[in-house]
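Structure first, then comments.
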Amino acid sequence: MSRLFQFARQWKPIIKEGFSQSFLIAKFLCLLHVTNTHVCTPVLVYGPSMLPTLNLTGDVVLVEHLSQKFGKVGPGEVVVVRSPENPRKTVTKRIVAVEGESVTFLVEPALSDRSHTVVVPRGHVWIQGDNIYSSRDSRQFGPVPYGLILGKAFWRVWPPDGFGSL
Amino acid sequence: MSRLFQFVRQWKPIIKEGFSQSFLIAKFLCLLHVTNTHVCTPVLVYGPSMLPTLNLTGDVVLVEHLSQKFGKVGPRHVVVVRSPENPRKTVTKRIVAVEGESVTFLVEPALSDRSHTVVVPRGHVWIQGDNIYSSRDSRQFGPVPYGLILGKAFWRVWPPDGFGSL
């Protein structure tokens, strides 16, 4: 029994130190997470749908979340949205039109000249990739509710020769 | 000059104390916010669209966010979703069908018996209020992307005679 007490007495300050360091790390991660989710976060985007604006093999862009909260995200801006087809996936596209505007788009640009006109309903936006020949966007899955927009991509960080605003 | 130094020397510990207390409060609010957004939060819901499950004049329910993150939100759950019509508003309805299922619903139950059948597309859910005579839901704005679901309401806290699981 006394050997157990001795053992506990020996380890107690080390365990206390361990806990306080863990709390410090937890508080830092909490702060990092809140900043990432609500202020600004780097995101790796890849794929051919936003050529030539974004590279095929992957760019790191900074995405800020404040514009989206204040409703200041509009046409011509590159946004990161949660995919309406797969909620675990995020897609990066450009906003072409907002609610109330009318969009005319080519349904299948590689195959025909057929175009279609749609009015964007209230509370929705119309997103399209810059590379319309190889992009799955609102032309396939329809207008996207504004609530799915996660943030606006405004600055490219990697690769270094593309460093600068989008 | 020396009076100025005296003044600063007098106030410096008080300002330091003020800053450290503010940081403590900021850390607590940070933790509270993370818990509210990602674990569980109380929400005041009101309106006639979920009678008799939820009252007209307002109930406080606990909404947990973990089920939604793990994709465990399904039919017959009451969920809080961001409105597809107005991104600043949240609505509380019941999930009637998930992706791939076919929904048959009364288009205007107060006026006629006409019903309509829709297949819920991939990545979407169909939500309806329990009080279909007075509810604006998927019958009006269509299937809702899963990404707009904020959380699942599982426990009513107020009024006290309704205390218990939903």
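All chains are named by letter (A, B, ...) in the order of the sequence lines, taking the proteins before the strands, and each is independently numbered beginning at 1.
- Hydrophobic clustering of Ile, Leu, Val, Met, Phe, Trp and Tyr side chains at less than 4.5 Å, counting indirect connections, unites B/L150 with B/V43.
- A single hydrophobic cluster is seen to contain both A/V73 and A/V81, as judged by linkage of ILVMFWY side chains at heavy-atom distances under 4.5 Å, directly or through other members.
- Taking SG of B/C30 as the start and NE2 of A/H33 as the end, the distance is 9.5 Å to the nearest 0.5 Å.
- A/V107 and A/V96 fall within a single hydrophobic cluster, where Ile, Leu, Val, Met, Phe, Trp and Tyr side chains are chained together by heavy-atom contacts under 4.5 Å.
- Taken to the nearest 0.5 Å, the CG atom of A/N86 stands 8.5 Å off from the CD atom of B/E99.
- Among A/L31, A/L29, A/V34, the one residue that satisfies the side-chain contact (heavy atoms from CB on, under 4.5 Å) test with B/V34 is A/V34.
- Counted within 6.0 Å of NZ on A/K89, heavy atoms from surrounding residues, nucleotides or ligands total 12 or fewer; the atom is thus considered open.
- Closest approach of B/G123 and A/P87 over heavy atoms only: CA-CD, 4.4 Å.
- Under the 4.5 Å side-chain heavy-atom criterion for Ile, Leu, Val, Met, Phe, Trp and Tyr, A/V98 and A/I149 are members of the same hydrophobic cluster.
- For the residue pair A/L148 and B/G147, the shortest heavy atom distance occurs at CD2-C, 3.6 Å.
- One finds the NZ atom of A/K27 at 12.0 Å from the CZ atom of B/F23 (value rounded to the nearest 0.5 Å).
- Only the side chain of A/R82 comes within contact range of chain B, judged by heavy atoms closer than 4.5 Å.
- Counting non-hydrogen atoms of other residues, nucleotides and ligands closer than 6.0 Å to CZ of B/F163 gives a total above 12.
- Most heavy-atom pairs under 4.5 Å with chain B: of the set A/P84, A/S83, A/P145, this distinction falls to A/P84.
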